[in-house]
Asker: 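Got a structure here, written out as structure tokens. Questions coming.
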Amino acid sequence: MRRLIINLQLFWQGAVLSYRALFTWLRPTTFIASMIFFPLGQIMFFTLLGIYATGAQNASFFLIGNAMQITASSGIFGVTMAVGGERWAGTLMYLFGSPANRLAIFTGRAMVHVLNGFVEVLMGLAWGWLLGWVDFSRTDPLALGLTILIATFSTAAMGLLLGCLGLITLNIMFINNLIYFLLLLFSGANVPVTSLPWWMQYISWALPLTRGIQAARNVVGGAPLTQVIDLLAGELLIGVIYLVAGYSLFRVFEAEAKRRGTLEAF
Amino acid sequence: MFLKYTRAVFAAFKMSYLSLVMDGFFIFATLLMPLIYALIAFGLLRDKGANYGIYVAIGSGLAGLWSTLLFGSGNAITSERWTGTLENIAALPTPLWVIVFGKTLASTMQSLLSMIASYLLGWLVFGYPLGIAQPLEFFVVLSVGIVSFVAFGLMLAPAFLLNPQIQQFQNAMEYPVYILCGFLFPVALLPFWTTPFSYILSPFWTARALQSAAGGTLTLDQLGVDCAMILLLGVIYLGIAALLFRIVLHKARVDATLGLQ
């Protein structure tokens, strides 16, 4: 029991401190630029492109897709830097030298970013509502909230996996940006998954967000939770797979870095 | 004097270009990001007909051009501050703007790869007919546009250095310019009050003229107006840049606060 409490404390402290380390040194304007203006710009650009291509009646398709995809800015960029940033900050050897529970350390890095991503998606949807691009009159708020939470979790789990790569590569910003933008293409946020070539569809279904975006569109369109439960279960499973893969990689890299003495090598 | 400055511009260009082409982020911004935009736009606009192929190729190329310029030129001086070499460069007999001009030229040249990559994608992968109906006019507009892009970059570099608050919006400045300049959809989709903002951005006039030249609808009158606007805005950007460079050097030589964040 005592060990469990210690691990929970470690999880919570790691979650809060890694988030503060990433953002509190920034000025409020930076935070606002990252959290409000960048998502708004992206949502507006792709929704307007979609309206131009397919007509104003499809605005909600693009708005919901891109609002959901915004969670990747927290889930991919935030989480990756929360894990991979340890190396840049020179704190990796202390982290790996501590006897702390690795699972608590690892998963704690993602927790606040999941909440952050959740708020970002809500803000994106609110922008869409304000601009008249989406109608929530038939939406079950609880089902939508659960959908956003699960999609945010699965994206953050992918961020944990990418964060591990940040422990061994100097090009993590390249990888981050590439994955973030590939999600715009593969997740179905803009181009319906069914209209992609067959080989791209296989990739889409192996990524987080694809099922979450589809579920969110259904829920906003009036579908009850029972109708999207399969999609949500699939999204959750994808998240767990990425989390397990990321944690396994984290342990492998720790063992390798210790064996080779390359913890801080650049 | 001119030869000396030319040598300095070339040295700054070479140094900056070689580091940019090896930088993972800039490879992404120049080549991969425009390709992803192009893939999305080709996927969405394919029902509109083959004529949109060249429209998408130009638009996504310009988007990559803007992103590379925003980060490459925007950080041209700031990166010197990060590496602690800003005071040394400011103290050189060669004017600071000459060095920044060379660096901005490098990022603009690298960003031209965006247009080539988007063009090749549309042609080779999607099989769109990407012929340019008015190649001479296209080349003229592109040349004038590059001059204006460089002027824009010269303005961004000292602006970001002097006011970190502006630089914090660097990421957030990508999409508004894509939208206001009509890179991938016409600005007619936007509310009327946004039009003046489009008009003060030279990439808007560049995109408009390039797309018209590619589609074969660029009249002599439009060519004249668009090129005049691109050059006029370029001159205005240069005037603002000159003013900002004076402030930068004042901070360096009088206040001694240049290296402070």
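A, B, ... follow the sequence lines: proteins, then strands. Residue 1 opens every chain.
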Asker: Chain B heavy atoms under 4.5 Å from A:F62: which part of the residue, side chain, backbone, both or neither?
Answerer: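 Contact with chain B involves the side chain of A:F62 alone.
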
Asker: B:Y55 vs A:Y52 aromatic rings, parallel, tilted or perpendicular, using cut-offs 30° and 60°?
Answerer: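 B:Y55 vs A:Y52 ring planes: tilted.
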
Asker: Considering all heavy atoms of both residues, which atom of B:L44 and which atom of A:N190 are nearest to each other, and what is their separation?
Answerer: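 Heavy atoms only, the tightest pair is CD2-O, 3.3 Å.
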
Asker: Please classify the contact of A:L182 with chain B as side chain, backbone, both or neither, using a heavy-atom distance under 4.5 Å.
Answerer: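 Contact with chain B: backbone and side chain both.
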
Asker: Between B:F28 and A:F181, what is the ring plane arrangement, given parallel below 30°, perpendicular above 60°, and tilted in between?
Answerer: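 Answer is tilted, since the angle falls between 30° and 60°.
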
Asker: Please say whether more than 12 non-hydrogen atoms of neighbouring residues, nucleotides or ligands are located less than 6.0 Å from CH2 in A:W205.
Answerer: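 Enclosed.
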
Asker: Which residues in residues 210-219 of chain A have a heavy atom less than 4.5 Å from any heavy atom of chain B?
Answerer: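 Under the 4.5 Å heavy-atom cut-off, nothing qualifies.
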
Asker: Return all side-chain donor-acceptor pairs below 3.5 angstrom for residues 177-186 of chain B, not counting sequence neighbours, or 'none' if the list is empty.
Answerer:
| from | atom 1 | to | atom 2 | distance (Å) |
| --- | --- | --- | --- | --- |
| B:Y178 | OH | B:S67 | OG | 2.5 |
| B:Y178 | OH | B:E174 | OE2 | 3.4 |

Asker: With rounding to the nearest 0.5 angstrom, report the CG to OG1 distance, B:L189 to A:T47.
Answerer: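 Answer rounded to 0.5 Å: 11.5 Å.
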
Asker: A side-chain contact here means heavy atoms from C-beta on lying under 4.5 Å apart; do B:Y175 and A:F37 qualify?
Answerer: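 With C-beta onward as the side chain, the pair stays apart.
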
Asker: Look up atom CG in B:L32 and atom CG in A:N177, then write down how far apart they are to the nearest 0.5 Å.
Answerer: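 Interatomic distance, B:L32 CG to A:N177 CG, rounded to 0.5 Å: 10.0 Å.
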
Asker: Tell me, yes or no, whether the heavy-atom count around A:F174 atom CZ, taken from other residues, nucleotides or ligands under 6.0 Å, exceeds 12.
Answerer: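 Yes - once you tally the heavy atoms of other residues, nucleotides and ligands closer than 6.0 Å, there are more than 12.
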
